[in-house]
K.L.:
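Input: one structure, supplied below.
FYI, the numbering just counts along the sequence from 1. Side chains included, hydrogens not; waters and symmetry mates left out as well; all remaining heavy atoms used. As the structure is a prediction and not an experimental result, all values here were calculated from the model.
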Amino acid sequence: CGVKKSTRSGHYVKKPTVLTHFIQSLAFASVTGGNVSTHDAAAYMTGAADPVTLSEALSGDDAEDWLLAIDAEMSSLIGMDVYEVVDRPPGVKLIPVKWVFKT
């Protein structure tokens with residue numbers, strides 16, 4: 001699970017994910033003979049890749065699940081009053097947003 005209990009102090013210690021990603025990258029690079037991102041290495045190790053774009057998420061085999069997850073996330077944000085929709089003032093540059101899909 002990535003979390004183990006220390007026998008000495010009784011505290012819980014979380015296994016560093018950076019090391020896991022590094023090892024996955026090395027394994028993938030050794031198989032393919034090149035440099036790879038941790039995302040590609042994780043996809044190789046698990047046999048599946050998370051969608052990178054909204055269009056990928058909504059056009060894949062798990063499109064219905066992703067759509068339900070998106071709907072739940074938006075409902076949660078709206079329910080907590082996280083943001084307020086306003087008209088953009090003239091001359092103001094908008095901050096771009098991007099969905100991040102993780103399984």
K.L.:
Applying the 4.5 Å side-chain criterion to the ILVMFWY set and letting contacts propagate, would W66 and L54 be lumped into a single cluster?
P.N.:
yes
K.L.:
Applying side chain to side chain contact (heavy atoms under 4.5 Å, CB included) to F101 and T53, what does each step give before you reach the verdict?
P.N.:
CA-CA 8 Å; F101 301 97; T53 64; over 6 Å; no
K.L.:
For E73 and W99, work out which heavy atoms get closest and say how close.
P.N.:
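Minimum heavy-atom separation between E73 and W99: CG-CZ3, 3.9 Å.
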K.L.:
For residues 77-96, dump all side-chain donor-acceptor pairs below 3.5 Å to protein atoms at least two apart in sequence or in another chain.
P.N.:
none

K.L.:
The criterion is side chain to side chain donor-acceptor pair (under 3.5 Å); which residues satisfy it with S76, sequence neighbours excluded?
P.N.:
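Once residues adjacent in sequence are excluded, S76 has no partner under the side chain to side chain donor-acceptor pair (under 3.5 Å) criterion.
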K.L.:
D65: which residues meet the side-chain contact (heavy atoms from CB on, under 4.5 Å) condition with it, sequence neighbours left out?
P.N.:
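Once residues adjacent in sequence are excluded, the partners of D65 under the side-chain contact (heavy atoms from CB on, under 4.5 Å) criterion are D62.
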K.L.:
Taking all non-hydrogen atoms of both residues, which atom of S55 and which atom of S59 are closest, and how far apart?
P.N.:
O-OG, 2.8 Å
